[in-house]
Amino acid sequence: MSTGFPLLDQYTEGLQPGLILVGGQSNSGKTAFLSQIAWQMATHPKNNAYVLFFSLDDMAFDVLPRIVACDQQIPINAVKIPKKYKDDPEITRKREMGIKRLIDHVKHFKIYDQVNGQSDIKFIEETIKRHLVELEAAGDNRRMAVFIDNFYDIDAIDVPETRTSNNAKYEYIAEELDRIAQVYQIPVVCSAEFRKLNGNKRPTLDDIRETVKVVYKSKLILLVYNEVGLKGENASVYFTTEDTVNKQPVLEVHFAKNKFTSFKQRLFYHFYPAYSYLEEVTAGNLRRYQALMG
């Protein structure tokens, strides 16, 4: 299935069944990246997709305005607090259009948040199974993709007693997610946080918490890095716009593990945090950002 990002599609051949991790530091942009892919997959006409989004970090009340803002490229606060923008007819129009698109795609995109035990791995699997049965009964050949934000918020109420330490628990959850992806032949995409990094260095696979089994079970691991978010005006990798003199963040997406294709380099995305929106840098500009990394 297409992610809606041409280069990401090219270097993964579209998201395929398996466990996929998007790793990054807090406030790096990984959740914006994850949610934009989920929404673009749900709304891409060629996918005919059904996306389940388990938001275990944030309530749906906080996620939906980001989806609308991303879709229409308007400020998140314009969606959450429309009275502040009532004198701007263009933003008001786009807000209404974004909400309409959300309603129009209700058969393709569904959010579960962390209430009522919905973070348990068994609940996640049971929900996937139930929706797959309903999709098959509907007979419209929709394909499912599952997104979870984030991996370390998944619970395992019935985890075996021999695996109750944090490390063993997350190994068990990784095994279960990999099994779910393979049994139901769906991509399962999770955000994942890093252990505390030393300094502002670019992350590696070793920075993922409880690394060994989680990394082993993943088919694709994307490590995101946002130098402007860490270094501000001292960042070397950034972009500028006509509307601001400040350095704007570029999200680096490193293919740290890729069992779908042989690509193991980086893609770059212009990141607009106020809109929760990312714009993929074209192939012709990749070398420029690679050179800025030094």
Side-chain angles (χ1 to χ4, degrees), residues 3-5 8 12 15 19-43 51-80 98 102 109-115 118-119 124 145-155 170 173 177 187-197 202-203 207-209 214 218 220-230 248-256 266-280:
T3 65
F5 287 127
L8 185 59
T12 59
L15 287 198
L19 176 58
I20 299 165
L21 289 187
V22 178
Q25 287 180 284
S26 178
N27 297 318
S28 62
K30 66 180 183 299
T31 298
F33 185 58
L34 192 83
S35 58
Q36 184 167 340
I37 291 173
W39 179 243
Q40 288 177 171
M41 288 183 71
T43 56
V51 172
L52 286 178
F53 192 99
F54 293 89
S55 178
L56 309 183
D57 257 355
D58 298 314
M59 300 294 289
F61 177 81
D62 294 312
V63 178
L64 290 172
R66 295 201 296 261
I67 295 291
V68 173
C70 172
D71 184 76
Q72 295 295 309
Q73 297 172 44
I74 58 176
I76 298 168
N77 279 340
V79 185
K80 296 180 73 171
L102 201 62
F109 186 77
K110 185 168 186 177
I111 291 180
Y112 285 89
D113 53 27
Q114 71 267 44
V115 299
Q118 294 177 172
S119 61
I124 291 172
V146 173
F147 289 76
I148 304 172
D149 183 34
N150 76 58
F151 176 87
Y152 296 102
D153 287 325
I154 300 173
D155 202 0
Y170 291 125
I173 290 172
L177 290 175
V188 177
V189 189
C190 300
S191 62
E193 64 192 27
F194 294 145
R195 67 179 85 233
K196 188 174 181 179
L197 299 182
R202 287 177 170 81
D207 293 312
I208 296 177
R209 289 170 46 191
V214 178
S218 301
L220 176 69
I221 300 179
L222 304 174
L223 302 181
V224 303
Y225 180 77
N226 170 0
E227 193 169 70
V228 170
L230 291 170
Q248 301 302 303
V250 171
L251 195 73
E252 304 174 24
V253 179
H254 177 211
F255 284 60
R266 283 176 171 81
L267 297 179
F268 299 87
Y269 296 80
H270 292 166
F271 183 26
Y272 302 85
Y275 302 167
S276 190
Y277 175 73
L278 295 112
E279 178 182 58
E280 191 171 62

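Only heavy atoms go into these numbers, but all of them, side chains included; no hydrogens, no water, no symmetry mates. For this chain, numbers begin at 1 and follow the sequence in order.
- For the atom pair Y269 OH and Q36 CD, the distance stands at 9.0 Å (nearest 0.5 Å).
- Closest non-hydrogen pair, L34 versus I148, comes out as CD2-O, 3.8 Å.
- For the atom pair W39 CH2 and L64 CG, the distance stands at 9.0 Å (nearest 0.5 Å).
- Across R202 and E227, no two heavy atoms sit closer than the pair NH2-OE2, 3.8 Å.
- The six-membered or imidazole ring of Y277 lies away from that of F271, with a centre-to-centre distance of 6.0 Å or more.
- Nearest heavy-atom pair across V22 and K30 is O-CD, 4.0 Å.
- A parallel orientation is assigned to the rings of F147 and F53, their planes being inclined by less than 30° (bins at 30° and 60°).
- Looking at every heavy atom in both residues, D153 comes nearest to S119 through O-CB, 3.6 Å.
- The side-chain contact (heavy atoms from CB on, under 4.5 Å) test with V189 is passed by exactly one of V146, L15, T3: L15.
- Taken from CD in Q40 to CG in L278, the straight-line distance is 9.0 Å, to the nearest 0.5 Å.
- With rounding to the nearest 0.5 Å, the separation of CE in M41 from CZ in F5 is 12.0 Å.
- When every heavy atom of K80 is checked against every heavy atom of P65, the shortest pair comes out as CG-CB, 3.3 Å.
- Between the side chain of S276 and the backbone N or O of P273, no donor-acceptor pair lies under 3.5 Å.
- No more than 12 heavy-atom neighbours from other residues, nucleotides or ligands sit within 6.0 angstrom of CG on N27.
- Taking OG from S28 and CD from E252, the interatomic distance works out to 11.0 Å, rounded to the nearest 0.5 Å.
- Between the Y112 side chain and the S55 main chain, no donor and acceptor come within less than 3.5 Å of each other.
- Atoms CG and CG, on L222 and L21 in that order, are 9.0 Å from each other to the nearest 0.5 Å.
- Side chain of N226 to main chain of G229: a donor-acceptor pair is present (N/O by atom type, distance under 3.5 Å, no hydrogens or angles).
- Between V63 and the choices D113, D58, D149, the side-chain contact (heavy atoms from CB on, under 4.5 Å) rule is met once, by D58.
- Nearest heavy atoms, E280 versus L8: OE2-N, 3.1 Å.
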